[in-house]
Novice: 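Attaching a single structure in structure tokens format; questions to follow.
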Amino acid sequence: MSAEPRKTPARSAALEAPSTSRARSRPVKIADSRVPPMPTERPLRIGVSARLLYQVPSELGFRNKNLQYIEQSLAHWIMEHGAIAFMVPAVAHDSKHAARHLKVEHVVQELDALVLQGGADVAPQTYGQTPIDPRWHGDVVRDRYELALLRTFLAQKKPVLGVCRGAQLLNVAFGGTLYQDIPTQCPAAHAHVDTDLYDQLEHDVTFLQGTVLTRLYPNASQLRVTSIHHQAVAELGKGMVVEAVSTLDGMVEAIRWTGDTYARGVQWHPEFHHGRHALADSSPIMLDFLEASRTAAMARLAAGGEPDPRVPRPPLRLAGH
């Protein structure tokens with residue numbers, strides 16, 4: 001009688017598969033779902049006041065609309081040094097919802113500093129005068145909008161840099177006045193504007209010794225700049241000092257506030273100097289402004305007053321600076 005084949009004992013179900021309880025206790029690893037770490041640094045955020053355009057050319061396709069914009073060279077001047085430029089739109093009186101829900105303080109809180117760009121005349125009524133010519137009535141709407149920005153930035157200890165009109169408005173903000181028209185009120189002055197030459201009109205400026213501006217340009221006391229303005233600083237505002245004048249006629253070309261927050265204005269257009277080696281290098285002014293912006297941001301961060309926990313990056317120095 002043949003022997004029966006040997007039977008292999010059946011394996012226990014417990015050995016065939018892990019228990020449900022043990023399987024659930026194991027952590028699930030999904031390599032592709034990992035969240036990247038948050039960056040510890042951020043670029044400086046620079047607000048730029050808007051230019052306002054009320055009579056829009058028909059070819060642009062905005063019938064009966066107003067435009068607000070940044071001139072490209074100004075934005076690039078900020079951004080080539082590693083900061084980000086953000087236009088801060090003006091809120092019109094008929095924009096009741098925007099004005100009610102977003103206060104100027106809320107906007108300023110999100111930014112590190114302000115650049116006031118050039119453009120239309122400052123309205124004489126803004127500094128307590130009447131126009132001596134209807135052509136120079138200025139833009140009081142823009143004045144009010146930019147003055148609110150300027151004062152709020154300074155109240156929050158954030159730097160302000162004014163260019164051309166921006167320098168004039170900075171002076172007016174502290175109680176100063178302007179020459180409404182240089183040729184009319186200062187007939188001995190040389191030409192500071194030429195509609196045909198525009199930014200090709202140039203002249204020399206002289207830095208006043210002992211001023212902060214001389215530290216930014218230690219190798220020269222006189223530099224060549226653009227000239228695109230028919231108005232200029234007349235009576236200085238409270239706490240303002242002159243840092244540069246036109247070499248030929250002494251018209252004010254650069255001012256600085258001596259208060260507890262950085263505020264400087266230049267009458268020329270440094271943003272138009274790019275690539276023009278005969279003109280003053282524009283980088284020292286922007287680097288100084290951005291360094292001050294970062295210093296102020298670091299102070300807020302240390303004091304717990306900065307909503308963004310990331311450290312603002314230093315400004316980018318271009319080759320040769």
Side-chain angles (χ1 to χ4, degrees), residues 49 113-118 122 126-129 143 146-147 149-180 182 185-186 189-190 192 203-229 231-271 273 280-296 299:
S49 64
L114 172 69
V115 175
L116 297 165
Q117 61 175 329
V122 176
T126 302
Y127 48 93
Q129 296 183 8
D143 293 349
E146 288 189 315
L147 284 171
L149 276 180
L150 189 162
R151 288 165 176 158
T152 307
F153 270 93
L154 294 182
Q156 295 188 18
K157 309 300 183 186
K158 297 181 177 182
V160 174
L161 175 64
V163 174
C164 196
R165 169 197 160 89
Q168 297 168 8
L169 192 73
L170 184 63
N171 185 60
V172 168
F174 289 94
T177 62
L178 304 177
Y179 291 119
Q180 294 185 34
I182 295 172
Q185 297 178 282
C186 306
H190 69 84
H192 284 263
H203 67 76
D204 291 340
V205 296
T206 299
F207 298 148
L208 274 61
Q209 292 304 307
T211 60
V212 177
L213 198 58
T214 59
R215 297 206 296 265
L216 303 185
Y217 296 89
N219 299 320
S221 61
Q222 185 172 302
L223 290 171
R224 198 155 186 82
V225 301
T226 54
S227 187
I228 319 171
H229 62 104
Q231 298 190 320
V233 169
E235 181 182 353
L236 276 177
K238 184 178 181 180
M240 285 289 170
V241 295
V242 177
E243 292 200 309
V245 297
S246 174
T247 303
L248 292 177
D249 57 23
M251 299 296 295
V252 174
E253 290 282 341
I255 57 175
R256 179 177 57 86
W257 187 45
T258 57
D260 58 357
T261 302
Y262 182 109
R264 166 176 283 125
V266 294
Q267 186 61 69
W268 64 91
H269 284 264
E271 73 274 23
H273 289 194
D281 183 4
S282 61
S283 285
I285 292 174
M286 180 53 63
L287 286 171
D288 184 62
F289 169 66
L290 294 179
E291 289 284 6
S293 303
R294 183 174 188 267
T295 298

Novice: Can you list the steps and then say if Met240 with Leu170 is a side chain to side chain contact (heavy atoms under 4.5 Å, CB included)?
Specialist: CA-CA 9 Å; Met240 285 289 170; Leu170 184 63; 3.4 Å; yes
Novice: Kindly compute the distance separating OG (Ser221) from CG (Leu213), expressed to the nearest 0.5 Å.
Specialist: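 Between Ser221 OG and Leu213 CG, I get 11.5 Å after rounding to 0.5 Å.
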Novice: Show your reasoning for whether side chain to side chain contact (heavy atoms under 4.5 Å, CB included) applies to Val160 and Trp257.
Specialist: CA-CA 10 Å; Val160 174; Trp257 187 45; over 6 Å; no
Novice: Do the side chains of Val225 and His273 get nearer than 4.5 Å, heavy atoms only?
Specialist: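 Answer yes - side chains close enough.
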Novice: Measure from the side-chain N and O atoms of Thr258 to the backbone N and O of Gly239, and report whether any donor-acceptor pair falls under 3.5 Å.
Specialist: yes
Novice: Taking it one step at a time, do His229 and Ser227 satisfy side chain to side chain contact (heavy atoms under 4.5 Å, CB included)?
Specialist: CA-CA 6 Å; His229 62 104; Ser227 187; 3.7 Å; yes
Novice: Could you verify whether a donor N or O on one side chain and an acceptor N or O on the other, from Tyr127 and Asn171, lie under 3.5 Å apart?
Specialist: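 Their side chains do not contain a donor-acceptor pair, so the 3.5 Å distance test is not met.
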Novice: Does the side chain of Asp204 come within less than 4.5 Å of Leu248's, by heavy atoms?
Specialist: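 When only atoms from C-beta onward are counted, Asp204 and Leu248 do not touch, as no gap falls below 4.5 Å.
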Novice: Sequence neighbours excluded, which residues qualify as side chain to side chain donor-acceptor pair (under 3.5 Å) partners of Glu146?
Specialist: Ser49, Arg142, Arg165
Novice: Check Leu236 against Val242 and note the closest heavy-atom contact, atom names and distance.
Specialist: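 Scanning both residues, the minimum pair turns out to be CD1-CG2, 3.7 Å.
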Novice: Drop me the distance from Gln209's CD to Thr211's OG1, to the nearest 0.5 angstrom.
Specialist: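 Result: 7.0 Å between the selected atoms.
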Novice: How close do Pro270 and Ile285 get, counting heavy atoms only, and between which atoms?
Specialist: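 Minimum heavy-atom contact is CG-CD1, 4.3 Å.
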Novice: Which word best sums up how the rings of Phe207 and Tyr217 line up, parallel for under 30°, tilted for 30 to 60°, or perpendicular for over 60°?
Specialist: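 Correct class here is tilted.
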Novice: Is any side-chain heavy atom of Leu161 closer than 4.5 Å to one of Met286?
Specialist: yes
Novice: Do Asp288 and Tyr262 come close enough that some side-chain heavy atom pair is under 4.5 Å?
Specialist: yes
Novice: Show your working on side chain to side chain contact (heavy atoms under 4.5 Å, CB included) between Gln117 and Val163 and close with a plain yes or no.
Specialist: CA-CA 5 Å; Gln117 61 175 329; Val163 174; 5.6 Å; no
Novice: Which value, rounded to the nearest 0.5 Å, describes the distance between Thr214 atom OG1 and Asn219 atom CG?
Specialist: 11.5 Å
Novice: Is the shortest side-chain heavy-atom distance between Leu154 and Phe174 below 4.5 Å?
Specialist: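 A side-chain contact exists here, since the closest heavy-atom pair is under 4.5 Å.
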Novice: Taking all non-hydrogen atoms of both residues into account, name the closest pair between Cys164 and Ile228 and its distance.
Specialist: SG-O, 3.8 Å
Novice: Of all residues at least two apart in sequence or in a different chain, which pass the salt bridge (charged side-chain N to carboxylate O under 4.0 Å, His left out) check with Glu235?
Specialist: none
Novice: Considering non-hydrogen atoms only, spot the tightest contact between Val245 and Glu253 and give its length.
Specialist: C-CG, 3.7 Å
Novice: Minimum heavy-atom separation for Ala113 to Phe289, with atom names?
Specialist: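 Ala113 and Phe289 have their closest heavy atoms at CB-CZ, 3.4 Å.
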Novice: Can you sort out the partners of Gln185 under side chain to side chain contact (heavy atoms under 4.5 Å, CB included), two or more places apart, ordered by chain and number?
Specialist: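 Side chain to side chain contact (heavy atoms under 4.5 Å, CB included) check on Gln185 returns Ile132, Tyr179, Gln180.
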Novice: Please name the pair of heavy atoms, one in Val122 and one in Gln231, separated by the smallest distance, quoted to 0.1 Å.
Specialist: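 Smallest interatomic distance, heavy atoms only, reads N-OE1, 3.7 Å.
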Novice: Output the distance between atom CG (Leu150) and atom CG (Leu116), rounded to the nearest 0.5 Å.
Specialist: 5.0 Å
Novice: Going from CG on Asp143 to CD on Gln168, what distance comes out if it is rounded to the nearest 0.5 angstrom?
Specialist: 10.5 Å
Novice: Is the shortest heavy-atom distance from the side chain of His192 to the side chain of Asp249 under 4.5 Å?
Specialist: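 A side-chain contact exists here, since the closest heavy-atom pair is under 4.5 Å.
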Novice: Any side-chain heavy atom of Gln267 sitting closer than 4.5 Å to one from Met251?
Specialist: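 Not in contact.
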Novice: Give, for atom CH2 of Trp268 and atom OG of Ser282, the distance between the pair rounded to the nearest 0.5 Å.
Specialist: 11.0 Å
